[in-house]
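For the numbers below, each heavy atom of this structure counts, side chains included, while hydrogens, waters and symmetry mates do not. Nothing here was measured: the structure is a model prediction, and the numbers come from that model. Order of appearance sets the numbers: ligands from 1, and atoms from 1 within every ligand. Residue numbers start at 1 and run along the sequence shown.
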Amino acid sequence: MTQVRLLPGSLYFNAQEWNRGYAARLAADRLLYTFRANAGLPVGSAKPLGGWEQPENGQRSSELRGHFCGHYLSASAQLAANGDKEAKAKADYMVAELAKCQQRLGGAYLSAFPPTWFDRLERGERVWAPFYTLHKIMAGMLDMYRLTGNQQALDVLERMSAWVDTWTAPKPDGTMQQILAIEFGGIAETLYNLAAITNDDRWARVGDRFQKRSFLNPLAFRRDELRGLHANTHIPQVIAAARRYEISGDTRFHDVVGYFYDEVVGARSYATAGTSNAELWLAPPRRLAAEWKLSANTAECCCAYNMLKLTRHLYSWDPQSAYFDYYERSLLNHRIGTIRPEQGYTQYYLSLTPGVWKTFNTEDQTFWCCTGSGVEEYSKLNDSIYWRDKDGIFVNLFIPSELNWTERGLQLRQETRYPQSQQISLNISAAPSEKMVLRLRIPGWLQSAPTVRINGRTLESSAAPGSYLTLNRVWKKGDRVEMELPMQLHVERMPDDPHTQAFLYGPLVLAGDLGGQGLTQAHIIGPNLRVGAPNVEQFGSALSASNRTPPIADIEIPTFQGSRDPNSWIKPADSPLTFRTTGQRKNVTLVPLNSLFDRRYTVYWAVS
Ligand SMILES: [Zn+2]
């Protein structure tokens, strides 16, 4: 995180800065409000946050309160690692104040709600997800220690973990398995990380109490029993399994992770790489069209965040370029496309329902789970562009950035306007005196091996799509590697309905721009559900309306007739990355989904 910087002028840099701005606007004392109130400490003149952070206030309160503060610490730690001193100072203050709350609560427990909520969990009474929220706070503390060296955060985390140990230790195994029916986030992953950091196996044993066998066992037998499960409850459990494998070498966990990943990526992901509908996996594997019709709430953003995290684990075990084809697909279409320009507000679902529009959180009255994973995501966009091993580096993502690998003396600058441009240029500004391997990811979506030049001379050999081009030489200051990645228009069909099709240009998912008529701020900022939808009968009863949102007129969703090759009837238009259908009853302009805001759109079309 400290060795890679994004360069200004790209989609990624903008997203990073919009998110930084949103995070900076949230006052520390507002984020701390519910923690202080819960600990009986003065809240001062701070105004509490609303939405899922709402404190006790008559009828309105949120049982998830405090979760966002944890995400916020993780995001701040990442910003700090990236050189943001203000974010660091603010988060240090928050850690110190949270430590005071923890002391006031007895020196171990720390949350924005009372510990009696865990007793409700044990008694099987209704409660939202207390361990989920605890996990966010613990993960925030871990990141503040791991990325910024805040020792107090490690102390707070160890004390919280001791509380978790004390609470879970006496529970019979059957009781714990019942408790795990309620979402508990990635608490085991944080405990495994703590075990690794402190070299204390106690924390790994506490983490093991959070292994939900009814979920993990079928995966171990390579059975996809994901239908009906809440997606973002379970993806973090697989991340925990990945971490369990990494700290123990126990290959059972490795195999569970691999099978799960292949099922979700290969059989349960839409063209954007997003997974889930109405937060669940609603259909059997490879029945995506059937699932897609059940609700407008496809592809929860937290799932995208966590699948990227899981991908990083798998890639570190076996660096296949295909992992980064998926990663890029998600980053470009889902992640970059779900942060609102300037304000930095983010989405809950990236809906793929025809005629939908993007909706975003409010400034301080929302705080969905995805608002939390969002502030984390966009504060770490410098992550995973480059990977390293003993031989050299992998260039996995085409994002304007500077790398300074201090341990090996390699510095390079990646310049590109990708995906607007198909040219990528790597400029070496410092290099070690011995040979070093530079591996360039050759995307699987290319139709043939790309042209690569070193210092202006075209290489005679290249590498096939879906692999790496390995360049092993003594690099010198001033060396320049250039690569061209020609994009093509192509189609992706639903596995269970080949007439339902999405169109892509290279890695970019295209959306039909259906206009912004009738959309107001009230439709765009605040609601997390699409309302007043056309095709309600097609999409069934799950397309429910939020009663706070004004109605909006139905629009006609065009259908297409065309030959199998989309290039014969979808033609480039005047602007870059823009296309237009031809010969249809109603023609449509297609642009990258990630560039459409405040417009109604369609990604999946009925094509005959
Ligand atoms: Zn979420």
Exercise. Would you call the rings of Y22 and Y345 parallel, tilted or perpendicular if under 30° counts as parallel and over 60° as perpendicular?
Worked result: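 Y22 vs Y345 ring planes: perpendicular.
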Exercise. Hey, what's the ring geometry for F113 with Y109, parallel, tilted or perpendicular (30° and 60° as the breaks)?
Worked result: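 F113 vs Y109 ring planes: perpendicular.
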Exercise. Which pairs, with at least one residue in residues 125-137 and sequence neighbours excluded, count as a salt bridge (Lys or Arg N to Asp or Glu O under 4.0 Å)?
Worked result: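 Every pair satisfying salt bridge (Lys or Arg N to Asp or Glu O under 4.0 Å) with a residue in residues 125-137: R123-E125.
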Exercise. Are F118 and W163 near enough that their ring centres are under 6.0 Å apart?
Worked result: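 Under 6.0 Å, so yes.
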Exercise. Ring centroid separation for W387 and Y323, is it under 6.0 angstrom?
Worked result: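 No, ring centres 6.0 Å or more apart.
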Exercise. What protein atoms of element N, O or S are positioned under 2.8 Å from the Zn ion (ligand 1)?
Worked result: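 Per the 2.8 Å query on the Zn ion (ligand 1), atoms found are E300 OE2, C302 SG, C369 SG, C370 SG.
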Problem set entry | Which atom of S379 lies closest to which atom of M1, heavy atoms considered |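 It is O-CE, 3.9 Å.
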